[in-house]
A.B. asks: 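Structure below; questions to follow.
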Amino acid sequence: MIHFLEISSLSCAQIDHLLDKAAYFKRTQTFPCYKGITLATLFYENSTRTRVSFDIAAQKLGLSVVTVNPAVSSEHKGEVLMDTVRTLAAMDVRLCVMRHAVNHMPHQAIACTNGRMQIINAGDGTHAHPSQALLDLMTILERKPDLARLRIAIAGDLRHSRVANSLQSLFARKKVKELRLIAPPCWQPHQVEYGKLTACLQEGIEDADVVICLRVQRERLLATEQMDEAAYHAAYGLTAKRLTWARPDALVMHPGPVNRGVEIDNDVMQSPQSVIFDQVHNGVFMRMAILDWLISEPVASV
Ligand code: CP
């Protein structure tokens, strides 16, 4: 049984299949119907885009959707997370979309599915957010299909960004020409899988074809990693003037949620170069492609 955990567990052919299928769903608005299959969303961290888009994607494919809210679940009566997973699998939930603050929690949950439920990683700690990376690449390819010529810059809180990790994996796989990683010293990653790291915003975004800003992840910062939002904006916020360092047709992206006036100025966010809400729109089709791919795999019998 296959699961959807991280970019590195996908083959290049599988990545291309998901990109093609998401584009097909978007272009044709023609979807298969998987009536009788149930999907559960199980989010231990806040979410708007990811949870709602998986919910909408599932409904478009004819799935039944149940929302398990850990805040009011039996975990408050002492049940452990792994028994919540076992419970969902025992009720014939076929797909479980999980977000958790702890790295690799969706990976660990697989051991409790009894081979009957597929786990979809909707973001684990600072580790990975693979569906976000795929929808970001889909959005780039719609406007700039020749990845071998692209200079892509990712700016912000790289140390805590699961999106940046998944994007590095994906851009390395897809052989993007150049990846620049920009962060203040206190938010530089301990490890870089792909790309060149700099603390200088201008150096990082000069002549870039795509500028991806990251959210400042207040909830994950240690005492030694604190940086005042005003100070961050003063040095790294994407303003209209700074955007002129990039190519004139550079795309501005952000996985969301955006802290307006911190990572990106309002006028940049609303400029024709911003594709931030196109990312959100594409998220539904990419998540449909992921669900369609997982459902097409055979399941163990009870
Ligand atoms: N990009 C992203 O994961 O957004 P949400 O936290 O709203 O799901």
Side-chain angles (χ1 to χ4, degrees), residues 4-7 18-19 22 39-60 65-71 95-107 119-140 142 152-171 183 187 210-221 238 251-260 262-264 268-269 274-291:
F4 181 81
L5 296 175
E6 52 190 285
I7 296 296
L18 293 173
L19 290 165
L39 172 143
T41 55
L42 180 60
F43 278 56
Y44 292 86
E45 279 191 338
N46 293 353
S47 170
T48 299
R49 275 147 287 272
T50 312
R51 192 185 60 73
V52 175
S53 63
F54 267 115
D55 194 325
I56 292 171
Q59 290 182 43
K60 282 180 183 280
V65 180
V66 289
T67 304
V68 184
N69 179 357
L95 299 144
C96 178
V97 184
M98 182 189 287
R99 171 172 287 188
H100 203 280
V102 174
N103 291 8
H104 297 102
M105 193 58 85
H107 304 60
I119 300 289
I120 297 164
N121 183 2
D124 61 320
T126 59
H127 173 240
H129 195 348
S131 64
Q132 179 70 46
L134 285 166
L135 73 88
D136 290 349
L137 181 57
M138 176 183 175
T139 308
I140 293 169
E142 286 177 341
I152 300 181
I154 307 178
D157 179 7
L158 288 161
R159 183 173 297 179
H160 307 97
S161 176
R162 54 196 176 204
V163 177
N165 292 341
S166 291
L167 285 172
Q168 285 179 56
S169 271
L170 190 56
F171 291 155
W187 295 344
V210 180
V211 180
I212 303 173
C213 298
L214 299 173
R215 182 173 70 85
V216 175
Q217 302 196 44
R218 288 268 152 243
E219 72 277 19
R220 300 190 209 280
L221 299 184
L238 192 61
L251 305 179
V252 173
M253 301 178 69
H254 192 304
V258 176
N259 294 301
R260 286 178 183 251
V262 179
E263 298 117 20
I264 303 186
V268 176
M269 183 135 173
S274 166
V275 294
I276 292 168
F277 288 99
D278 301 274
Q279 292 172 260
V280 177
H281 186 64
N282 284 339
V284 173
F285 300 103
M286 179 50 71
R287 282 152 183 151
M288 288 177 76
I290 292 164
L291 298 177

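We count ligands from 1, going down the list as the structure has it; atoms in each ligand are counted the same way.
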A.B. asks: Just checking, any donor-acceptor pair under 3.5 angstrom between side chains of T50 and R99?
C.D. replies: yes

A.B. asks: So, E45 versus H100: side-chain donor-acceptor pair below 3.5 Å or not?
C.D. replies: no

A.B. asks: Between E6 and H107, does any side-chain donor sit less than 3.5 Å from a side-chain acceptor?
C.D. replies: yes

A.B. asks: State whether the side chain of Q217 and the backbone N or O of H160 hold a donor-acceptor pair below 3.5 Å, judged by distance alone.
C.D. replies: yes

A.B. asks: Counting non-hydrogen protein atoms only, what is the nearest one to atom 4 (O) of ligand 1? Give residue, atom name and distance.
C.D. replies: R49 NE, 3.1 Å

A.B. asks: Could you tell me which atoms of ligand 1, counted from 1 in the order shown, lie closer than 4.0 angstrom to a heavy atom of T48?
C.D. replies: 5 (P), 7 (O), 8 (O)

A.B. asks: Checking side-chain polar atoms at under 3.5 Å, does T139 have a donor or acceptor matched by the opposite partner on N282?
C.D. replies: yes

A.B. asks: Without swapping roles, check the side chain of S274 against the backbone of M269 for a donor-acceptor pair under 3.5 Å.
C.D. replies: yes

A.B. asks: Out of all atoms in ligand 1, which are within 4.0 Å of some heavy atom of Q132? Include the element for each.
C.D. replies: 1 (N), 2 (C)

A.B. asks: If you measure from each heavy atom of G256 to ligand 1, is any distance below 4.0 Å?
C.D. replies: yes

A.B. asks: Does an N or O from S47, backbone or side chain, lie closer than 3.5 Å to an N or O of ligand 1?
C.D. replies: yes

A.B. asks: Around atom 1 (N) of ligand 1, find the nearest protein heavy atom and jot down its residue, atom name and distance.
C.D. replies: P255 O, 2.8 Å

A.B. asks: Are any of the heavy atoms in R99 under 4.0 Å away from ligand 1?
C.D. replies: yes

A.B. asks: For the residue pair R287 / S131, report whether a side-chain donor-acceptor contact shorter than 3.5 Å exists.
C.D. replies: yes

A.B. asks: With the threshold set at under 4.0 angstrom, would you say H129 reaches ligand 1 through any of its heavy atoms?
C.D. replies: yes

A.B. asks: Number the atoms of ligand 1 from 1 as they appear, then name those within less than 4.0 Å of a heavy atom of T50, with their elements.
C.D. replies: 2 (C), 3 (O), 4 (O), 5 (P), 8 (O)

